[in-house]
Amino acid sequence: QVQLVESGGGLVQAGGSLRLTCAASGHTFSTNVMGWFRRAPGKEREFVAGINRSGSFTKYTDSVQGRFTISRDNAKNMLYLQMSSLKPEDTAVYYCGGGAGSVAVITEEYAYFYWGQGTQVTVSS
């Protein structure tokens, strides 16, 4: 069993930056892959970024490539999402997830067993 808690969301102007964190507890050794998903108002939840256990593999959705950076600190059981050059289109509730699958399915919501409660990111024009 793994518990995940996100933090770091807030209100920023377009072009600004935020760093999201996800604190994991429980049987964290089972989380081979971790990732960030987001859900904008009235839309489906979508994949944002994912990372394998060692950090040697990362994956980003095209719309955030070059602007967002995912990382993890296994010693601290922490996952991060550094967001830069934020756009109003990035406004959403951001969720962290963990799963035991491989990187082949890292973009798929079904691959994640554990989810945090979400943190709101709002980017103003």
Side-chain angles (χ1 to χ4, degrees):
Q1 185 176 351
V2 175
Q3 297 81 44
L4 304 174
V5 179
E6 305 97 333
S7 62
L11 174 64
V12 297
Q13 292 182 306
S17 299
L18 280 175
R19 189 193 195 196
L20 305 184
T21 64
C22 175
S25 61
H27 292 89
T28 57
F29 53 81
S30 66
T31 56
N32 184 53
V33 297
M34 297 191 74
W36 292 94
F37 289 71
R38 67 187 181 186
R39 188 182 189 278
K43 296 186 177 181
E44 298 295 315
R45 188 156 63 179
E46 66 171 345
F47 171 79
V48 178
I51 189 169
N52 69 344
R53 180 176 296 277
S54 69
S56 62
F57 178 91
T58 58
K59 179 73 173 180
Y60 301 91
T61 192
D62 288 345
S63 63
V64 308
Q65 181 71 50
R67 300 189 296 120
F68 292 9
T69 301
I70 189 171
S71 61
R72 64 191 296 173
D73 185 336
N74 293 332
K76 296 182 178 180
N77 293 320
M78 297 288 285
L79 177 73
Y80 306 98
L81 185 68
Q82 179 66 51
M83 305 184 294
S84 300
S85 301
L86 283 162
K87 304 174 180 179
E89 304 93 281
D90 296 317
T91 295
V93 176
Y94 283 71
Y95 301 87
C96 68
S102 72
V103 296
V105 294
I106 201 167
T107 67
E108 304 299 323
E109 190 170 341
Y110 67 76
Y112 295 83
F113 301 152
Y114 311 106
W115 295 95
Q117 82 290 342
T119 186
Q120 177 72 49
V121 172
T122 303
V123 184
S124 62
S125 301

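For the single chain, residues carry numbers from 1 onward in sequence order.
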Full working for side-chain contact (heavy atoms from CB on, under 4.5 Å) between Thr119 and Val93: CA-CA 5 Å; Thr119 186; Val93 176; over 6 Å; no

Closest heavy-atom pair and its distance - [X], [Y]:
X	Y	value
Thr91	Ala40	O-CB, 3.7 Å
Val103	Asn52	CG1-CB, 3.7 Å
Leu20	Gly9	CD2-N, 3.6 Å

Quiz item: cation-pi between Arg72 and Tyr80, 6.0 Å / 45°: no

Pair Phe37 and Tyr95, ring centroids less than 6.0 Å apart: no

Chi angles and distances behind the side chain to side chain donor-acceptor pair (under 3.5 Å) call for Thr21, Ser7: CA-CA 5 Å; Thr21 64; Ser7 62; 2.6 Å; yes

Step-by-step side-chain contact (heavy atoms from CB on, under 4.5 Å) determination, Arg67 to Tyr60: CA-CA 10 Å; Arg67 300 189 296 120; Tyr60 301 91; over 6 Å; no

N/O donor-acceptor pair under 3.5 Å between Asp73 side chain and Asn77 backbone: no

Whether Asn74 side chain and Arg53 backbone form a donor-acceptor pair below 3.5 Å: yes

Neighbour count >12 (heavy atoms, 6.0 Å) for atom CD, Gln117: yes

How far does [atom1] of [X] sit from [atom2] of [Y], to the nearest 0.5 angstrom?
X	Y	atom1	atom2	value
Gln1	His27	CD	NE2	8.5 Å
Phe68	Ser17	CZ	OG	9.5 Å
Ser63	Lys87	OG	NZ	7.5 Å
Gln120	Arg39	CD	CZ	11.5 Å
Tyr112	Thr107	OH	OG1	7.5 Å
Tyr114	Cys96	OH	SG	13.0 Å

Cationic N near anionic O, under 4.0 Å, Glu46 to Arg38: yes

[Y] reachable from [X] in the ILVMFWY side-chain graph, under 4.5 Å edges:
X	Y	value
Ile106	Leu4	no
Leu79	Phe47	no
Ile70	Met34	yes
Leu18	Val64	yes

Beyond-backbone contact of Pro41 with Lys43, side-chain heavy atoms, under 4.5 angstrom: no

Side chain proximity check, Phe113 to Thr31, heavy atoms < 4.5 angstrom: no

Stepwise side-chain contact (heavy atoms from CB on, under 4.5 Å) check, Phe57 with Ile51: CA-CA 6 Å; Phe57 178 91; Ile51 189 169; over 6 Å; no

Derivation of the side chain to side chain donor-acceptor pair (under 3.5 Å) call for Ser25 and Gln3: CA-CA 5 Å; Ser25 61; Gln3 297 81 44; 3.2 Å; yes

Trace of the side-chain contact (heavy atoms from CB on, under 4.5 Å) decision for Val121 with Met83: CA-CA 10 Å; Val121 172; Met83 305 184 294; 3.8 Å; yes

